[in-house]
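This report concerns only the one structure given below.
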Amino acid sequence: MDVMEKLTILADAAKYDVACTSSGNNRGPQEGMLGHAVSCGICHSFTADGRCVSLLKLLQSNMCIYDCQYCHNRRSNDVQRATFTPHEVAELTMRFYQRNYIEGLFLSSAVVKNADYTMEMIIETLRLVREEYRFGGYIHVKAIPGADKALIHRAGLLADRISVNIELPSQASLAKLAPEKTKETILTPMKYLKDGIIQSKNELTLYRHAPKFAPAGQSTQMIVGASPESDSKIVTLAEGLYNKYKLKRVFYSAYIPVNPNMPMASPPLTREHRLYQADWLLRVYGFSAGELFSDADENLSLDVDPKCHWALKNPQFFPVEIMTADFKTLLRVPGIGRISAEKIVAARRVGKLDFNDLKKMRVVLKRAKYFLTCSGKVFEKYHQSTIAARLKDGTDFQQLNLLEQPPGIGMETQTASMFVGDKATFSSHDTASSTGLILPVSHQKGAAI
Amino acid sequence: MTALVFDGSFDGFLSVVHACYYEKLDPISIQPAEILTLMDEARYIETHQANAAQVYAAIKNKISPEVAYTVYVASLSPEEDRYTALLAYIRLGFKVGHMVGSHLQVEYVRRVRDLHRQAAGEAHLLFGFSRFVETASGVFYCQITPRNNVLPLVADHFTRRFMNQQWIIHDKAHNQAAVYDGKSYVIAQNPGDADVTLAAHEEETQDLWVAFWDALSIESRKNWKLQRQLLPIYFRKNMTEFTRQRPIKKPPGDIGRFIEG
């Protein structure tokens, strides 16, 4: 089998891994090495499904001994199998990197023979890439659950980021869908990685040249919708992973039914999107998982984003005064993100701000206007109870079709035509409407609606 | 109240700033000389390295190094009003110091922020979207057509990235090229066409990349609108994965390879 064929098979097999970030580590150029890493990450291309291509995402092999039901590469599936030699992966990485196709390598693998054997194969590839091909770019590697600590440590020293997939949000689901994996085999390496990363950071403060262990941190991924867990459970789990295991990112992947006889259908993509929004609220916006859910609704609302949902449930925190509220409070206003909050905090130090200024500064007011005051003034008066309806996508304004009757106007037009028959249309009886337009009397009711 | 013209370089612009201060000028417009029409009456300001250095050092020391860099990056944008906005920005900077970027209530401060964002943003995209080909001589060649004059920023990035590799980045839109010899790069104006004879395994590598790229998209999740938003079509003409012919002909829509709008 030639490299082209292997590449097609093993890239296709790896594409369901969602993480493709190249961020989190700043490594300057080094003498004799090719490449460097920048902490913001760089996207190199985008596929037809709109996902970024940043890393050469490959499986070392797809000859799996496991039989996880959600997985494309499970042993009972009839798919083409292939294995890369370390040399082939290294050669591909270097050639693609020299042409600026990629930011680095993302190497994962199906479990071949056993976890340790697979991990050794991956390490050999990484060693070749780093030490013989002198590659200085970004490397993300998967730790195989159940592999020996020493092997995981070795991988962490060669890679920038290392991750263990948690796959499913509960032990029960794991037992059902991935019977060969257990909670322990997943959480043990995660804990080990956390300790390793903290230890390495401590050593670095003492010795400048101490070896760096996974400097871009660790991440994980779980599949959403293949098992019955609620959003509340998933987000709480993610919070635990951020706090206890110091993860950099948790990725969610809306389950895609790749295998024909899976019990569940694919969940709506909006659910994945809402989970990511909630995830950002945890990491960046200072929310806790408990705030986002109540006993009544265990799932995130599909109509409005989680921050809006929280704000509607907690009107006691609003409105927020733009000139005095602290940064953290501003971050909690729906529609105001980090950039907007930073702009507001900077600009108000040097002068007063009103809604017009906010608009010109490109702070998006679509949602924020219901929750803000500028020097005590509100944007427009709304009744509290109408805000929820206005925030739901598409109900604030409605694009009318020229040929369609807008709802509720049909009757008015009928009376209008009767009127027109009686009198001249624009007579002295016409009065000015609130918008300043002169309308025939009979049209006014319709306009008011 | 006059219109000022200069040679269009960043040093030229700094010389204009120098002249505005030392000759108490209050220009209504500042433009590079080449876009001047016969109808305009304008005064030409000579570029003086010493004056430019003096102004740049003053911005660095009296405002802040970050503001100096912002001014430089914003001047790379192609918008016509960039120099007038920048002059106003620098003047405000000398009054209020390093907080000048915070005065977002002021129109030209917002404008400079936008110009900076435009140029820096395009440069960042090009860090990812530039594609090199290996030529027979071992030099890697890359062609870009940016809207902003961001070649220096892009070349700086690749100097760090491909430190021990010789490369040329050819900016066809501004007719200039950055040439790196393994130590430092120089920017050549009007470079003419490069001899791009491909290295032996170049075509094979391109095919591998294209095969990898094609294999990546998930059929059931096609989202061309999102793809266009993140990877605008005007970058695609220089990107291997969009321009390379496939061995088996697939309709471009199948794998989201639209090049033209």
Side-chain angles (χ1 to χ4, degrees), chain A residues 3-4 7-12 14-16 28-36 38 40 42-54 56-58 92 95-103 134 136-137 254 256 266 269 343-353 357 360-362, chain B residues 96 99 101-107 110 114 124-125 127-134 140 142 157-165 201-202 204-209 211-231 239-242 253-257:
Chain A
V3 179
M4 172 69 97
L7 180 69
T8 319
I9 295 169
L10 293 169
D12 186 72
K15 72 183 175 189
Y16 296 102
Q30 288 155 290
E31 199 56 57
M33 303 276 273
L34 181 74
H36 75 311
V38 286
C40 56
I42 295 171
C43 297
H44 283 248
S45 189
F46 290 88
T47 54
D49 48 12
R51 294 186 309 159
C52 129
V53 183
S54 170
L56 174 64
K57 205 180 333 183
L58 290 177
L92 273 176
R95 282 212 207 162
F96 282 10
Y97 196 81
Q98 285 180 321
R99 288 158 182 78
N100 202 39
Y101 296 159
I102 53 167
E103 190 64 15
R134 312 288 293 156
I256 302 167
S266 170
L269 276 180
K343 280 196 271 192
I344 290 168
V345 171
R348 74 185 182 189
R349 283 184 71 182
V350 296
K352 222 171 156 182
L353 289 175
D357 289 324
K360 285 187 186 158
M361 280 159 59
R362 303 228 189 85
Chain B
V96 301
M99 294 278 284
S102 298
H103 285 68
L104 291 166
Q105 294 93 336
V106 183
E107 200 202 332
R110 289 196 298 268
D114 286 350
H124 180 83
L125 290 180
F127 295 168
F129 297 160
S130 304
R131 294 285 175 265
F132 287 78
V133 294
E134 189 175 356
F140 285 81
C142 162
H157 172 82
F158 285 110
T159 304
R160 267 169 279 137
R161 170 137 304 187
F162 299 138
M163 209 171 58
N164 42 17
Q165 178 170 306
H201 53 251
E202 175 59 30
E204 181 204 10
T205 310
Q206 290 191 9
D207 282 337
L208 283 168
W209 164 242
F212 171 72
W213 193 84
D214 287 352
L216 275 186
S217 32
I218 295 178
E219 199 58 22
S220 56
R221 296 248 180 122
K222 256 181 222 166
N223 194 346
W224 294 327
K225 216 176 143 192
L226 184 63
Q227 189 197 21
R228 271 216 307 280
Q229 182 184 325
L230 297 167
L231 173 43
M239 296 175 72
T240 320
E241 58 268 42
F242 292 99
D254 246 27
I255 37 178
R257 290 198 283 123

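Lettering follows sequence order; numbering is per chain, from 1.
A:I344 does not touch chain B: none of its heavy atoms, backbone or side chain, sits under 4.5 Å away. Proximity to chain B is limited to the side chain of A:C40, based on heavy atoms less than 4.5 angstrom apart. For a residue to count as touching a neighbouring chain, one of its non-hydrogen atoms must lie under 4.5 Å from one of that chain's; by this rule B:D114 touches chain A with the side chain only. Neither the backbone nor the side chain of B:T159 comes within contact range of chain A; no heavy atoms are under 4.5 Å apart. Both the backbone and the side chain of A:Q98 have a heavy atom closer than 4.5 Å to some heavy atom of chain B. Contacts between A:A254 and chain B at a heavy-atom distance below 4.5 Å involve backbone atoms as well as side-chain atoms. Heavy-atom distances place the side chain of A:L7, and not its backbone, under 4.5 Å from chain B.
In terms of heavy-atom pairs under 4.5 angstrom with chain B, the leader among A:T8, A:I102, A:I256 is A:I256. Between chain A and the residues B:G128, B:G101, B:A215, the largest count of heavy-atom pairs under 4.5 Å involves B:G128. Per-residue heavy-atom pair counts under 4.5 Å with chain B were compared for A:E31, A:K343, A:R349, and the maximum is reached by A:K343. Contact tally against chain A (heavy-atom pairs below 4.5 Å) for B:H201, B:K225, B:Q229: the top residue is B:H201. Counting heavy-atom pairs closer than 4.5 Å to chain B, the top-ranked of the candidates A:V3, A:V345, A:D12, A:I9 is A:D12. The greatest number of non-hydrogen atom pairs below 4.5 Å with chain B, out of A:Q30, A:M33, A:R348, is found for A:M33. Among B:F212, B:W209, B:F140, the residue making the largest number of heavy-atom pairs under 4.5 Å with chain A is B:W209. When the candidates A:L269, A:D357, A:L353, A:L92 are compared by the number of heavy-atom contacts under 4.5 Å with chain B, A:L269 comes out ahead.
A:R51 CZ to A:K15 NZ: the interatomic distance, rounded to the nearest 0.5 Å, is 8.0 Å. Distance check: B:C142 SG to B:F129 CZ gives 13.0 Å after rounding to the nearest 0.5 Å.
When atom types are taken as modelled, the side chain of A:H36 and the backbone of A:G137 share no donor-acceptor pair closer than 3.5 angstrom.
One finds no salt bridge joining A:K360 and B:E107 here, because no Lys/Arg side-chain nitrogen approaches an Asp/Glu carboxylate oxygen to under 4.0 Å. A salt bridge is absent between B:E134 and A:R95: the closest approach of a Lys/Arg side-chain nitrogen to an acidic carboxylate oxygen does not fall below 4.0 angstrom. Using a 4.0 Å cut-off between a side-chain N of Lys or Arg and a carboxylate O of Asp or Glu, B:R161 and A:E103 qualify as a salt bridge.
For the residue pair B:Q206 / B:T240, no side-chain donor-acceptor distance below 3.5 Å is found, with atom types taken as modelled.
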>> Could you walk me through whether A:I42 and B:H157 satisfy the side chain to side chain contact (heavy atoms under 4.5 Å, CB included) test, starting with their C-alpha distance in whole Å, then the side-chain angles of each, then the deciding distance to 0.1 Å, before giving a yes or no?
In response: CA-CA 12 Å; A:I42 295 171; B:H157 172 82; 3.6 Å; yes
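Between B:W213 and B:F242, the distance separating the two ring centers is shorter than 6.0 angstrom. Close placement of the B:F158 and B:F132 rings is indicated, their centers lying within 6.0 Å of each other.
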